[in-house]
2 protein chains.
Amino acid sequence: MQFRTSLELGLLIRRARRARGMTQADLARAAGVGRQWIVAIEAGKPRAELGKAFQTLAALGLSLSIHGEGIPEPPSSRVRIAVPDIEAVVGAHQDPES
Amino acid sequence: MQFRTSLELGLLIRRARRARGMTQADLARAAGVGRQWIVAIEAGKPRAELGKAFQTLAALGLSLSIHGEGIPEPPSSRVRIAVPDIEAVVGAHQDPES
DNA sequence: CATGAATGTCGCTGATCGCATACATTTTAG
DNA sequence: CTAAAATGTATGCGATCAGCGACATTCATG
């Protein structure tokens with residue numbers, strides 16, 4: 001699921017927390033932050049600390065991925081495909097006299 | 001590409017920035033932050049503001065995605081598949097007398 | 001309805017932020 | 001090698017953070 005703002009991130013964290021039956025206090029303890037901080041991040045606070053956000057995602061077992069120009073692609077989309085040598089194929093089917 | 005720490009995020013931002021031939025000052029201007037902040041985030045500063053990180057990713061045209069328990073999956077992996085009614089199939093092939 | 005849990009808000013505090021500017025160091029070109 | 005550009009670092013500043021404890025409010029559940 002894609003997202004681009006702290007507000008969206010907050011909603012996703014809340015969803016994941018509830019899906020695990022955790023309370024804000026539970027998550028706060030698991031992530032090593034104050035309960036108040038969880039309240040803030042779930043509300044989409046944009047000036048929250050980046051590091052604590054990572055801790056929180058880790059505590060929820062969530063993983064982030066990023067993609068775009070200049071970002072390495074995952075191996076699965078880099079599978080090598082045998083590319084036929086067009087000239088050779090054409091040559092093999094050509095009239096020997098042409 | 002997956003990542004879980006601010007350090008990794010910093011390296012990815014630097015890579016993307018360079019892939020675009022931008023200088024730290026360029027990116028800072030584009031993202032609406034101070035150049036000093038770019039220096040810090042690229043170095044992996046964990047206490048940086050979340051919101052500015054989003055601005056920076058946006059300025060680079062990068063997109064984030066998250067996944068795990070409780071996070072909605074993209075439509076492509078939610079394709080509906082017709083599930084046969086096993087009982088009906090079995091019934092249709094049963095000996096009428098059984 | 002009543003009670004306890006979960007959640008949101010407030011004020012306080014020391015600590016840190018991010019910006020600006022200036023300077024030091026490293027990298028890139030010619 | 002040298003000069004310029006890019007990058008990293010230091011200081012000073014006002015602004016904000018995050019945690020804490022205490023409440024206020026909302027949600028569950030019997």
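What you see is a predicted model; the values in this text were computed from it and never measured. Per chain, numbering begins at 1; letters A, B, ... match sequence-line order.
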**Student:** Between B:Q24 and B:R47, who's closer to the 5' end of DNA chain D by nearest nucleotide?
**Tutor:** B:Q24
**Student:** If you define the side chain from C-beta out and look only at heavy atoms, does anything of B:R4 sit under 4.5 Å from A:L57?
**Tutor:** no
**Student:** Taking B:M22's backbone N and O only, do any of them form a donor-acceptor pair with B:R17's side chain (distance below 3.5 Å, no angle check)?
**Tutor:** yes
**Student:** Taking for each residue the nucleotide of DNA chain D bearing the nearest heavy atom, is the 5' side occupied by B:A25 or by A:E49?
**Tutor:** B:A25
**Student:** Round to the nearest Å and state the distance from B:I38 atom CD1 to C:dC19 atom P.
**Tutor:** 9 Å
**Student:** For the residue pair B:S63 / A:Q2, report whether a side-chain donor-acceptor contact shorter than 3.5 Å exists.
**Tutor:** yes
**Student:** Is the count of non-hydrogen atoms from other residues, nucleotides or ligands lying under 6.0 Å from A:R15 atom CZ greater than 12?
**Tutor:** no
**Student:** Which atoms form the tightest heavy-atom contact between A:W37 and A:E49, and what is the distance?
**Tutor:** CZ2-O, 3.7 Å
**Student:** Extract, from 5' to 3' on DNA chain D, the first and final nucleotides lying under 4.0 angstrom from some heavy atom of chain B.
**Tutor:** D:dA6 to D:dA10
**Student:** Counting any heavy atom closer than 4.0 Å, what does B:A48 reach on the DNA or RNA strands: base, sugar-phosphate only, or nothing?
**Tutor:** sugar-phosphate
**Student:** Between C:dA5 and A:T23, is there an OP1 or OP2 to side-chain N/O distance shorter than 4.0 Å?
**Tutor:** no
**Student:** Tell me whether B:S65 contacts the main-chain N or O of A:M1 through its side chain, where contact means a donor paired with an acceptor under 3.5 Å.
**Tutor:** no
**Student:** Within residues 27-37 of chain B, which residues have any heavy atom lying less than 4.0 Å from an atom of DNA chain D?
**Tutor:** B:R35, B:Q36
**Student:** How close or far is atom C1' of C:dA6 from atom CD of A:E42, stated in whole angstroms?
**Tutor:** 11 Å
**Student:** Can you tell which of A:L11, A:L7, A:I13 makes a side-chain contact (heavy atoms from CB on, under 4.5 Å) with A:L9?
**Tutor:** A:I13
**Student:** With a 6.0 Å cut-off (strictly less than), is the heavy-atom count around CZ of B:R14, excluding the residue itself, greater than 12?
**Tutor:** yes
